[in-house]
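Below: one structure, written as structure tokens.
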Number of protein chains: 4
Amino acid sequence: MLNRVILIGRLTADPELRYTNNGTAVTSFTLAVDRMRSNANGERQTDFINIVVWQKQAEVVAQYLQKGRMAAVDGRLQIRTYENRDGQKVRVAEVVAEGVRFLDRGEGGNSAKSAPTAPSAKNSPPSAPSKRQDFDPYDDPFADDLPPEFDEELPF
Amino acid sequence: MLNRVILIGRLTADPELRYTNNGTAVTSFTLAVDRMRSNANGERQTDFINIVVWQKQAEVVAQYLQKGRMAAVDGRLQIRTYENRDGQKVRVAEVVAEGVRFLDRGEGGNSAKSAPTAPSAKNSPPSAPSKRQDFDPYDDPFADDLPPEFDEELPF
Amino acid sequence: MLNRVILIGRLTADPELRYTNNGTAVTSFTLAVDRMRSNANGERQTDFINIVVWQKQAEVVAQYLQKGRMAAVDGRLQIRTYENRDGQKVRVAEVVAEGVRFLDRGEGGNSAKSAPTAPSAKNSPPSAPSKRQDFDPYDDPFADDLPPEFDEELPF
Amino acid sequence: MLNRVILIGRLTADPELRYTNNGTAVTSFTLAVDRMRSNANGERQTDFINIVVWQKQAEVVAQYLQKGRMAAVDGRLQIRTYENRDGQKVRVAEVVAEGVRFLDRGEGGNSAKSAPTAPSAKNSPPSAPSKRQDFDPYDDPFADDLPPEFDEELPF
DNA sequence: TTTT
DNA sequence: TTTT
């Protein structure tokens, strides 16, 4: 059925990139999403929402986002159940991101981390840096398999 | 910041209507939302997502929805933390619904529960039954305070 | 940037399947989406929104949906400009659907058109009918290239 | 039925604030929303989407947003039909915004226009400037009628 | 556990 | 008619 979540918030910490046993990249981070209304005491309230990103975007996110950065996430809400070390069933909610937009650096583009040293041992960023000045991590990872709606005229 | 969730699924049980200490109506239910893709074994997977509805819609939902019914929910994702009886902090995710649509009865309208007896002691349904044949619970609760965009011409 | 549209409504007519010069399938239809609030005169108002679906889903939609059916569309809003036969520039808005859900037949599944004759000359439906009883047109077209988030364990 | 649109883009021009005959404030502007994928020639494509905002938010938007600013819009897609001066029926699509977020000034807050002179003859901004340092135009206009879900404990 |  |  339908399951769509759209969020804008700030990373509470640097994203963490890991790999599954199959070698698939997965990045996770937490987004602090301020509620649009304060409570009766005028206190701002915030939802801390866990985000998971897979594959190419996982690596782009790990490379370009860091703590405090603002991002938009477009994905689906997933409830995962696992057993913790006490044998108790724990339910966690997370948003599986299909798209992640970086929102507060540059004007329409995104600048990479300064990265004087390699970002992380597990992180293998694309060796050839993007030649596009306004490199767009939401866009590029799929540039090879462009679907027809971006490429073909409508026949009507 | 932005926080928007849209779901379509089926109620796993009848909704539960309660009241806060202030007398505000709150209804909760769980929506079974099938993932759009089965896993590698061809098994259908489902996310069970808790929904909370407030005020007038709480009463409408409690009156018109029941176990197995299909509904669309439009709201925001909230992460609530509370202490359980063991003194442990528990985080629960729930969707605070701003709109709930009933999807699988009638053609565009919604029929009420047959309700031979009162639905519940705590439930005080509107005493005057809606005269509109195709009563629409998403719409009606707010018919009194119609905002201008439903009522006025654009000045351009 | 972000562009996300979610709609539920009814088809105003049977969907039309066409092909681009490249042979890509494209289906278009109009969704009647009732506004959630009537106007001051109590008249229900409706937005008629054009939808475009590409590739495999185009054929599934053309085969399974027809006039009057209820559907959910998840996509993006596109403003297309073209010149009409009078040489005037015309702007049309349409929603490019990434997902289409069929909402008012069966319980979670969808039944095919009875289709005693071929639906249309241009329509070439999959010759082998789906063996799954509860065939799900939102899901199936992509069953071959399952992304890891439906198939692999999270490494944390 | 359900009708939800979420957009992030940049204003192509300063917003225009007008008033209906009833004196209701309405602001309109166009959002340039870049598509997430370039076309086959590598050209970035953009949808120019008209936005309409009503009442208090209309005035806040007119006061705080201007050409080039990035904003997130959460609303519904409306197709309006009117007759132009040639007597032809014209259909226009616009997004009626329920929420507008300002995205590229400050860190979580928003700064007002410098506004050495009054922004516009028709614009009557609130005479008392907000005392909150990090004034949030998405939030504040409704601070008086706080719904219970921002103010009350859940009874479970 | 948390962001500005 | 268009934004970065």
Side-chain angles (χ1 to χ4, degrees), chain A residues 7-16 28-36 38 43-51 65-73 92 94 100-111 132-136 138-139, chain B residues 1-3 79-81 88-91 156, chain C residues 1-3 79-81 88-91 156, chain D residues 7-16 28-36 38 43-51 65-73 92 94 100-111 132-136 138-139:
Chain A
L7 303 169
I8 299 180
R10 288 183 185 281
L11 296 237
T12 63
D14 288 348
E16 288 189 56
S28 59
F29 59 90
T30 296
L31 209 59
V33 181
D34 290 332
R35 300 205 186 149
M36 290 169 297
S38 340
E43 298 160 339
R44 182 165 281 283
Q45 289 192 281
T46 303
D47 294 295
F48 296 96
I49 300 175
N50 295 130
I51 314 288
L65 278 185
Q66 62 258 61
K67 176 175 175 172
R69 289 284 313 269
M70 190 186 282
V73 166
V92 290
E94 56 214 352
V100 179
R101 294 286 314 170
F102 309 166
L103 287 176
D104 59 0
R105 278 284 192 289
E107 300 283 307
N110 293 281
S111 56
R132 270 222 275 136
Q133 182 57 17
D134 58 333
F135 175 66
D136 177 354
Y138 192 103
D139 179 7
Chain B
M1 320 239 66
L2 187 72
N3 184 335
I79 309 293
R80 191 161 47 98
T81 309
Q88 294 180 289
K89 276 199 175 179
V90 183
R91 277 162 45 96
F156 56 92
Chain C
M1 319 240 66
L2 188 71
N3 185 335
I79 309 293
R80 191 162 45 98
T81 308
Q88 295 180 289
K89 277 198 173 177
V90 183
R91 279 162 43 96
F156 55 92
Chain D
L7 303 169
I8 299 179
R10 289 182 185 280
L11 295 238
T12 63
D14 289 349
E16 289 190 54
S28 58
F29 58 89
T30 297
L31 210 59
V33 181
D34 290 332
R35 298 205 187 147
M36 290 169 297
S38 341
E43 299 159 339
R44 183 166 279 284
Q45 289 191 281
T46 303
D47 294 294
F48 296 96
I49 300 175
N50 295 131
I51 314 289
L65 278 185
Q66 62 257 60
K67 176 175 175 172
R69 288 285 313 269
M70 190 186 282
V73 165
V92 290
E94 56 213 353
V100 179
R101 294 286 313 171
F102 310 166
L103 288 176
D104 58 0
R105 280 280 193 293
E107 300 283 307
N110 293 281
S111 56
R132 269 222 277 135
Q133 182 57 18
D134 58 332
F135 175 65
D136 177 355
Y138 193 103
D139 180 7

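Letters A, B, ... are given to chains in the order of the sequence lines, protein chains preceding strands, and every chain is numbered from 1.
Taking every side-chain heavy atom of D:D34 into account, F:dT3 is the closest of E:dT3, F:dT2, F:dT3. Distances were taken from every side-chain heavy atom of A:R10 (C-beta onward) to each of F:dT3, E:dT1, E:dT4; the shortest belongs to E:dT4. Of all nucleotides listed (E:dT3, F:dT2, E:dT2), E:dT2 comes nearest to the side chain of B:R91. Considering only side-chain atoms of B:K89, the nucleotide from F:dT4, E:dT1, E:dT4 that sits closest is E:dT1.
Rounded to whole Å, the distance from CG on A:L65 to P on E:dT2 is 21 Å. At whole-Å resolution of the value, CG in C:L2 and P in F:dT3 are 21 Å apart. Remark: P of E:dT3 and CG of D:L103 are 20 Å apart, rounded to the nearest angstrom. F:dT3 atom P lies 15 Å from atom CE of C:M1, rounded to whole Å. What separates CG of A:D47 from P of E:dT3 is a distance of 15 Å, to the nearest Å. Look at CE on D:M36: it is 21 Å from P on F:dT4, rounded to the nearest Å.
Listed for the A:D14 side chain is a donor-acceptor partner under 3.5 Å among the backbone atoms of A:K67.
Each of D:D47, D:D34, D:D104 was evaluated against D:R10; a single residue qualifies, D:D104, per the salt bridge (Lys or Arg N to Asp or Glu O under 4.0 Å) test.
The aromatic ring of D:F48 sits over the base of F:dT2, with ring centres less than 5.5 Å apart and planes inclined by under 30°.
Dashed line: the shortest gap from a side-chain N or O of D:K67 to OP1 or OP2 of F:dT4 is not under 4.0 Å.
You won't find any donor-acceptor pair under 3.5 Å spanning the side chain of A:R35 and the base of E:dT3, going by distance alone. A donor-acceptor contact under 3.5 Å is formed by the side chain of A:T46 with the base of E:dT3.
Applying the side chain to side chain donor-acceptor pair (under 3.5 Å) test to D:S28 and every residue at least two apart in sequence or in another chain returns nothing. Evaluation of the salt bridge (charged side-chain N to carboxylate O under 4.0 Å, His left out) rule for C:R80 yields C:E94 as partners, not counting sequence neighbours.
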